[in-house]
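Every chain is numbered from 1 and lettered A, B, ... according to where its sequence line falls, protein lines coming before strand lines.
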Amino acid sequence: MAKKIEILSLSKSLNGKMVLDNVDLSIDDGETFSIIGQSGVGKSVLIKHIIGLIIPDRGKIYVDGERIDYGNSTEADKIRRKFGMLFQGGALFDSLSVGDNILFALDHLRSELPESRKQEMMLGALELVELPGIENLMISSLSGGMMKRVALARAIVAEPSIILFDEPTTGLDPITTANINELIIHLKQKLKTTFVIVTHDINSARFYSDRIGMIYGGKIIFTGTPDELVRTENPYVRQFIEGKYEGPITDDYNAALEGILHTNIKFKKRGAAYGKG
Amino acid sequence: MMETLKDFFQDLARFTIFSYQALRLIPKSLLKPVEIFRNISQIGVESVPIVAITGLFLGLILGLQLSGAMEAVIAGTAQYISGALSVALVKEIGPVFTSLIVVSRICSSVTAQLGTMKVTEQIDALKTLAVNPMEYLVTPRVIAGIFALPVLGFISIMASMIGSWLMMILFHDISTAAFIDVAQTPLQLKYVIESFTKMMFIGGTLLLVSTFCGFETKNGAAGVGEATIRSVVISSFLVILLDYILGAVFLLFPGGEM
């Protein structure tokens, strides 16, 4: 199958901490790939690299065989037009109405289209996310679940070939979560585009993914189908998917915490010694 | 100490790059006047009432106090204070006073608005929609600042003059003709040019600082609060500093001295 996205030896440090360490990943055309991992492990950082919102320290990213050239804004914009992105909090423009938010995407991504066609596409996108008739509402009057769906409508309206989802179900109640998951499956059947989904909701990921990758310690420690994920012997993956407190992830965390405390105690002791002298 | 200095120079370097990117987009932005008009309306038109009212009261109090003082020094000379007032208002008080009102009304809201857009990923969302956030959010505001501040300053100065005129005709029985005549005598065209140039420069700088602080916002709602404080404090300080520097620069021009 053709490679849609290819990431080669990607590394990124943020605030002195190595968030991504030599990450290699390829995502096939038309597949739904989920990236799972704990909060703050670099999942969002990874998809923001894919769409060029974050510039890597090292490494290359290819989309449809074309390398993203971060220095050239025209080229970067050209590649960005292949993407739609659903942000964690929706990132809807609160000064605009629902319809204008979606039209804003069309005005900038598909400016060549006539206004009547844009209106049609806007209404069609709202229909796809099962929210017909709300185009005149202001963003502030929407619930969390509706916001996600409107944001999703804005992400898909310009007919991108890759859709990135940053935590599509975080912060939603179980019923709305199930509803969004169904919607993802439904959209996949309709659009047949490549989906890259970042989540820590393991059940959701198993529900809609073709393949799942897990990030830990800045590296991709597992990739495979949902079935392979369930059967894997990797202790890190097992602890994560079983949601257990005891395991190698907690051990690593405690070791790191001890390291920090130890350094602080050393500093305190030294400070006390200076105080006495 | 070294860390603070390092941070300061890093911020200054980022601000310089930010300003360069924003100013470079001015010609492109001028081709899309809709955004500029929208911002002139927000920054300029909506500030007219507050600028006019504060200007009027400033004039009222200055007219009342100074003409009284003048009268106390030499009886019957209260009208001469209108000349001093017109020069002081045009050259210094008008530009600085208007700029400080703009800082409190505009810089705070621009930083809070852009800061919120930053922490809720709306600025990232713009990029994913192939929109350059600098071109869409920053440059039109900077252009609006450059054009709006001189007009607001003019309104403020006129309101202050009306205020002082009111006090003088009410309390010192000075004729309107005498007031206008004395006000015009020391006023020179170059003072007006200096005043307007200063305000254009300060207007652009204030909007650059407040948009920069908004774009640099981190750490959620608390970060937006911090960014807003930073924006207002730096902007207020810059108003006074720039007024001094530009005033000094104008003295270098031939005939610039008073």
Side-chain angles (χ1 to χ4, degrees), chain A residues 14-15 44-45 47-55 68 70 73-96 100-112 139-140 147 150-152 154-158 160 162-167, chain B residues 3 6-7 10 14 17-18 20-22 24-25 28-29 31-32 34-35 37-39 41-43 46 109-141 144 211 214-221 223-224:
Chain A
L14 289 171
N15 301 325
S44 297
V45 174
I47 60 164
K48 283 185 181 169
H49 273 95
I50 298 177
I51 197 169
L53 289 174
I54 301 181
I55 298 174
I68 306 183
Y70 297 96
S73 60
T74 330
E75 284 299 309
D77 273 353
K78 212 173 86 188
I79 291 189
R80 281 199 191 119
R81 278 170 212 270
K82 297 181 183 202
F83 289 95
M85 179 157 175
L86 172 70
F87 285 87
Q88 204 166 341
L92 294 165
F93 305 125
D94 34 27
S95 55
L96 303 176
D100 287 342
N101 258 282
I102 301 171
L103 286 173
F104 186 95
L106 287 173
D107 285 341
H108 290 91
L109 296 170
R110 305 289 298 274
S111 52
E112 74 284 0
I139 297 301
S140 53
M147 270 193 209
V150 172
L152 190 52
R154 187 180 69 182
I156 60 172
V157 72
I162 305 161
I163 301 170
L164 307 176
F165 299 74
D166 191 1
E167 309 266 11
Chain B
E3 277 297 301
K6 197 178 137 198
D7 284 351
Q10 277 177 351
R14 282 204 306 280
I17 296 167
F18 179 88
Y20 168 73
Q21 287 173 337
R24 205 183 51 165
L25 288 165
K28 213 171 160 189
S29 247
L31 296 176
K32 291 179 198 156
V34 180
E35 273 303 305
F37 284 129
R38 210 165 56 88
N39 283 295
S41 154
Q42 265 176 11
I43 292 169
E46 288 172 22
S109 91
V110 166
T111 305
Q113 192 192 351
L114 298 193
T116 308
M117 287 186 78
K118 174 77 192 303
V119 298
T120 55
E121 295 183 308
Q122 291 179 48
I123 292 181
D124 276 347
L126 280 175
K127 290 184 198 163
T128 66
L129 301 174
V131 176
N132 180 350
M134 296 293 287
E135 191 183 328
Y136 185 66
L137 297 173
V138 178
T139 310
R141 284 182 167 81
T211 47
F215 268 52
E216 291 272 304
T217 306
K218 288 183 195 112
N219 308 333
V224 176

Practice prompt. Starting from the C-alpha separation in whole Å, work towards a yes-or-no answer on salt bridge (Lys or Arg N to Asp or Glu O under 4.0 Å) for B:Glu216 and B:Lys218.
Written response: CA-CA 6 Å; B:Glu216 291 272 304; B:Lys218 288 183 195 112; 5.1 Å; no
Between A:Ala155 and A:Leu86, the two heavy atoms sitting closest are CB-N, 4.2 Å
Contacts of B:Phe215 meeting ring-ring contact (aromatic ring centres under 6.0 Å, His included) (sequence neighbours excluded), chain-then-number -> B:Phe18
Counting heavy-atom pairs under 4.5 Å with chain B, the top scorer among A:Arg81, A:Lys48, A:Met85 is A:Lys48
| query | Can you tell me if A:Arg80 uses its side chain to pair, donor with acceptor, with the backbone of B:Leu129 under 3.5 Å? | reply | no
Honestly, the part of A:Asp107 sitting under 4.5 Å from a heavy atom of chain B is neither
By residue number, those in residues 112-122 of chain B with heavy atoms under 4.5 Å from heavy atoms of chain A are B:Met117, B:Thr120, B:Glu121, B:Gln122
Is there a donor-acceptor pair under 3.5 Å between the side chain of A:Asn101 and the backbone N or O of A:Phe93?
-> yes
Scan the side chains in residues 130-137 of chain B for donor-acceptor partners under 3.5 Å anywhere in the protein, sequence neighbours excluded, and list what turns up.
| from | atom 1 | to | atom 2 | distance (Å) |
| --- | --- | --- | --- | --- |
| B:Asn132 | OD1 | B:Met134 | N | 3.0 |
| B:Glu135 | OE1 | B:Lys28 | NZ | 3.4 |
| B:Glu135 | OE2 | B:Lys32 | NZ | 2.8 |

If one checks every heavy atom of B:Ile123 against chain A at 4.5 Å, the contacting part turns out to be neither
task = State, with a plain yes or no, whether a side-chain heavy atom of A:Leu152 is found less than 4.5 Å away from one of A:Phe165.
result = yes
Residue set satisfying ring-ring contact (aromatic ring centres under 6.0 Å, His included) with A:His49, at least two apart, ordered chain then number -> none
Applying a strict 4.5 Å limit to non-hydrogen atoms, the region of A:Leu164 in contact with chain B is neither
